[in-house]
S.K.: 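Here it is, the structure, as structure tokens.
Here is the naming used below: chain letters follow the sequence lines, and residue numbers restart at 1 for every chain.
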Amino acid sequence: MSKIYVGNLPWSTNNEKLELAFAEHGQITDHIVMSDRETGRSRGFGFVTFASAEEAEAAIAAKNDFELDGRRITVNMANPRPQQRGW
DNA sequence: GTTGAGCGTT
């Protein structure tokens with residue numbers, strides 16, 4: 001399992017579009033676009049988890065600096081979080 | 001407009 005960070009997303013990108021954009025590169029086991037919980041507006045970044053590192057790397061190679069809806073998106077391995085539970 | 005929400009523990 002390998003998680004990638006997807007940043008610089010257009011506001012128009014939602015969970016569904018994120019999956020559609022990355023499903024072609026491998027088996028996605030999890031995906032989420034982070035949105036501001038109070039405004040409902042996208043924060044402009046999200047995460048996609050692939051079943052294998054090979055697929056994740058393929059997605060990074062294919063989508064990093066890829067123009068989506070007029071924006072060059074950033075794709076790379078996600079930052080490891082300090083703790084698992086987040087609290 | 002760039003590295004998580006949500007669960008109240010899994």
S.K.: With rounding to whole Å, what would you report as the distance between dT3(B) and dC7(B) at their P atoms?
M.R.: 23 Å

S.K.: Please state how far atom CG in Asp30(A) lies from atom P in dC7(B), giving the value in whole angstrom units.
M.R.: 16 Å

S.K.: Let me know the distance between CE of Met77(A) and P of dT3(B), rounded to the nearest Å.
M.R.: 18 Å

S.K.: When you compare the side chains of Thr74(A) and Asn8(A), does any donor N or O come within less than 3.5 Å of an acceptor on the partner?
M.R.: no

S.K.: For Arg72(A), report the nucleic acid contact type (base, sugar-phosphate, nothing); a contact means any heavy atom under 4.0 Å.
M.R.: nothing

S.K.: Take the protein atom CE of Met34(A) and the nucleotide atom C1' of dT3(B), then report the distance between them rounded to whole Å.
M.R.: 10 Å

S.K.: Taking the side chain of Asn76(A) as heavy atoms from C-beta outward, which of dT3(B), dA5(B), dT2(B) is closest to it?
M.R.: dT3(B)

S.K.: Nearest to the side chain of Phe47(A), which nucleotide is it out of dT2(B), dA5(B), dT3(B)?
M.R.: dT3(B)

S.K.: Does Arg81(A) put a side-chain nitrogen or oxygen below 4.0 Å from OP1 or OP2 of dA5(B)?
M.R.: no

S.K.: DNA chain B: Pro10(A) or Ile32(A), which has the more 5' nearest nucleotide?
M.R.: Pro10(A)

S.K.: Among Val6(A), Ile32(A), Val33(A), which residue meets the side-chain contact (heavy atoms from CB on, under 4.5 Å) test with Phe47(A)?
M.R.: Ile32(A)

S.K.: Are the side chains of Met1(A) and Thr29(A) in contact, using a 4.5 Å heavy-atom criterion?
M.R.: yes

S.K.: Using whole Å, report how far CG of Leu18(A) lies from P of dT2(B).
M.R.: 17 Å

S.K.: Should Tyr5(A) be counted as stacked on dT3(B), where stacking needs a ring-centre gap under 5.5 Å and an angle between planes under 30 degrees?
M.R.: yes

S.K.: Starting from Phe45(A), can I reach Leu18(A) by hopping between I/L/V/M/F/W/Y residues whose side chains sit under 4.5 Å apart?
M.R.: no

S.K.: Would Ile60(A) end up clustered with Phe50(A) when hydrophobic side chains under 4.5 Å apart are linked, directly or stepwise?
M.R.: yes

S.K.: Rounded to whole Å, how long is the line connecting atom CZ of Arg41(A) with atom P of dA5(B)?
M.R.: 18 Å

S.K.: How many Å lie between CG on Asn8(A) and P on dT3(B), as a whole number?
M.R.: 11 Å

S.K.: Give the rounded distance in Å between these two atoms: CZ of Phe66(A) and P of dT2(B).
M.R.: 21 Å

S.K.: Tell me what Leu9(A) touches on the nucleic acid: a base, only sugar-phosphate, or nothing, going by heavy atoms under 4.0 Å.
M.R.: base

S.K.: Could you state the CD-P distance from Glu38(A) to dA5(B), rounded to the nearest angstrom?
M.R.: 11 Å

S.K.: With sugar-phosphate meaning primed atoms plus P, OP1 and OP2, does Arg43(A) contact a base, only sugar-phosphate, or nothing at under 4.0 Å between heavy atoms?
M.R.: sugar-phosphate

